[in-house]
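Written out below as structure tokens is the structure these notes cover.
So you know, we letter chains A, B, ... as the sequences are listed, proteins then strands, and number each from 1. None of the values given here were measured: they were computed from a predicted structure.
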Amino acid sequence: MKSLKNAQTPAHSSPSFLRWGLLGLVLLISLLLPWTLSPLWIRIATEVLMWAGLAQSWNIIGGYTGYLSFGHGAFFGVGAYITGITMLHLGLPFGLGLLISGMAAALMAVIIGYPTLRLRGAYFAIATWAFGEMIRQIATILEITGGAFGMQLPAYLNLPFFYYLFLLMTGLIYLTIYLLLERSPFGYKLLAIREHEEAAEMVGVDTVMIKIKAFGLSAFFPGVLGGIYAYWVTYIHPDSVLGAVITDFMVVMAFLGGIGSLWGPFLGAGVVQLVNRYLWLVWGEGTFYLIVIGAAICAVVLFIPSGIIGLLESQIFQPRTAWKEIRKKVKW
Amino acid sequence: MLLESRDLTKAFGGLVAVNQLSMTVEKGTVLGIIGPNGSGKTTFFNLITGMIPSDSGKVIFNGEDITKLRPHRIARLGVGRTFQIPAPFSKMTVLENVMVSSFIHTSSMKIAKKKAWEVLEKVGLDEKADFQVLNVTLEDRKRLELAKALAIEPSLLLLDEVMSGLTPVEVKSAIHLIRQMHRQGLTIIIVEHVMDVILSLCDRVAVLDYGRKIAEGTPQQIVNHPEVIRAYLGERYRARS
């Protein structure tokens with residue numbers, strides 16, 4: 001009976017000391033990175049960290065809960081602008097500005113989530129997309145945001161500072177997801193909602209409340225990250241922090257890495273951003289990379305819907321089973 | 001009286017699925033509901049559990065008007081249900097599925113896991129606790145439906161065709177299971193097409209046709225009721241018995 005019980009436990013579950021060791025190693029490398037890299041690559045590493053945080057934030061509502069938000073970039077932009085406004089016009093310290101940004105983004109998510117999270121499928125996606133567009137239009141016409149010209153923040157040119165700040169924030173995001181979504185009732189309820197919302201209600205899950213909380217949480221982090229980004233690049237305008245491309249990248253990275261998983265968005269962000277920057281270094285400024293990434297996404301959605309993480313978690317890297325696993329995972 | 005519906009009505013467009021249905025269920029009894037397809041049995045369940053709003057009428061549970069309550073509140077009051085087509089959380093394990101129900105009473109992972117295990121043992125699914133739901137058979141999915149409903153520790157259990165699609169042997173063990181739960185004091189409403197199940201489990205049987213109750217009584221009264229034979233059982237059933 002014991003063997004039967006364990007028949008379905010995934011074979012990939014490596015011993016926990018190995019996992020923690022690997023995690024420790026990655027953290028150590030991340031901490032030492034700024035001493036070994038050129039400023040260009042520190043910049044790229046910083047971007048990877050930021051996108052890893054953003055993709056994971058989207059993953060809370062899009063991956064774990066199954067509600068595709070196509071307006072998530074708005075929370076990033078709102079965070080960027082609010083941090084700018086609190087520093088420029090209210091003279092508040094940067095840290096406090098970040099906190100206000102995160103809370104404002106979360107509050108917005110709660111307000112728009114209350115009516116729209118009752119809409120399933122495409123309707124929620126369209127509603128959030130419209131919300132994102134609305135925020136962009138508002139930022140373009142308001143005086144306090146600098147309108148279409150944008151906003152100049154006080155300059156603080158200290159690349160390692162921003163690298164470590166993003167490392168801290170993204171680390172916090174992943175820790176939160178691990179504790180709250182992978183190891184607590186809240187995460188189980190989110191999965192239940194994603195898998196069968198009505199059945200979840202029948203066993204006492206307050207689906208509306210849980211979804212609103214998840215949406216608020218998934219907006220809080222982009223708000224903070226947006227604030228850090230604004231202070232880092234010192235100049236923001238509606239297209240740079242509220243462009244549709246911000247949302248697109250969050251979605252694309254989460255999907256490529258594997259939605260609904262802890263490390264998927266991180267891998268997705270790393271791959272997409274590195275490829276993106278590599279193509280940029282080779283071909284210079286352009287939009288060709290979007291075509292490459294678009295093609296990659298089509299391939300992932302069609303052939304490996306569980307993303308990179310799904311491939312890694314299968315036994316694909318054990319020589320004997322590799323071919324069998326590929327046949328199983330990849331739909332021809 | 002544990003559950004009472006008063007003149008409950010629900011129409012979908014021009015179709016009146018449940019028509020002024022009044023029904024009472026005494027504590028500790030098993031009520032069977034039978035009727036042709038589309039006679040409003042599942043809709044009746046959906047109205048009780050708050051899954052769809054009623055057009056008019058009332059549902060009283062344990063003396064409390066639950067007509068307007070949201071489904072999760074009704075579940076917390078102690079109404080559990082199973083779905084006719086099993087509705088598991090597919091990408092979770094069997095144990096995790098049941099744990100979601102256990103969270104209704106506790107927010108501790110440890111206690112939820114322990115309680116879920118107990119329920120799985122009760123329905124005979126403990127050996128498959130770590131299986132992904134995608135990998136279990138239809139019978140086990142039906143058992144899982146039951147486990148999920150039981151794990152909220154309900155006082156009223158609504159079973160929607162838990163036997164359909166099962167083999168005679170599986171039906172027998174399911175009947176045994178339901179009888180056991182009934183002995184432990186659970187009040188049960190069963191919607192079922194398999195007459196043997198209704199006859200061997202129910203204290204009372206209600207017959208629905210076009211959303212109306214056309215008969216109610218003991219199983220023996222029901223199988224001899226001319227209206228019921230005409231609308232549902234058919235002449236051949238009378239001939240056989």
Counting only heavy atoms from other residues, nucleotides and ligands, does the tally under 6.0 Å from [atom1] of [X] exceed 12?
X	atom1	value
W263(A)	CH2	yes
K10(B)	NZ	yes
F12(B)	CZ	yes

With only heavy atoms counted, which part of [X] is less than 4.5 Å from chain A, the side chain, the backbone, both or neither?
X	result
M109(B)	side chain
A112(B)	neither
R70(B)	side chain
P88(B)	backbone

Start with the C-alpha distance between N97(B) and E195(A), add both sets of side-chain angles, then the distance that settles side-chain contact (heavy atoms from CB on, under 4.5 Å), and finish with yes or no. CA-CA 10 Å; N97(B) 263 267; E195(A) 295 300 321; over 6 Å; no

Closest non-hydrogen contact found for A199(A) with F89(B) is CB-CE2, 3.9 Å

Quick check: closest heavy atoms across I104(B) and G204(A), and the distance to 0.1 Å? CD1-CA, 3.7 Å

At a heavy-atom distance under 4.5 Å, which candidate from G80(B), A75(B), A149(B), A87(B) has the highest pair count against chain A? A87(B)

Pick from E96(B), M99(B), K148(B), R81(B): which one has the most heavy-atom pairs with chain A under 4.5 Å? E96(B)

Residue from V203(A), L191(A), T207(A) scoring the most non-hydrogen pairs under 4.5 Å with chain B is V203(A)

How about R76(B) and D206(A): do any of their side-chain heavy atoms sit closer than 4.5 Å? yes

With a 4.5 Å heavy-atom cut-off, do M209(A) and H72(B) have their side chains touching? no

Where along residues 172-186 of chain A does a heavy atom come under 4.5 Å of chain B, listed by residue number? R183(A), S184(A), P185(A)

On the 0 to 90° scale, with breaks at 30° and 60°, tag the H196(A)-F83(B) ring pair as parallel, tilted or perpendicular. tilted

In Å and rounded to the nearest 0.5 Å, what is the OG1 to CE distance from T82(B) to M202(A)? 11.0 Å

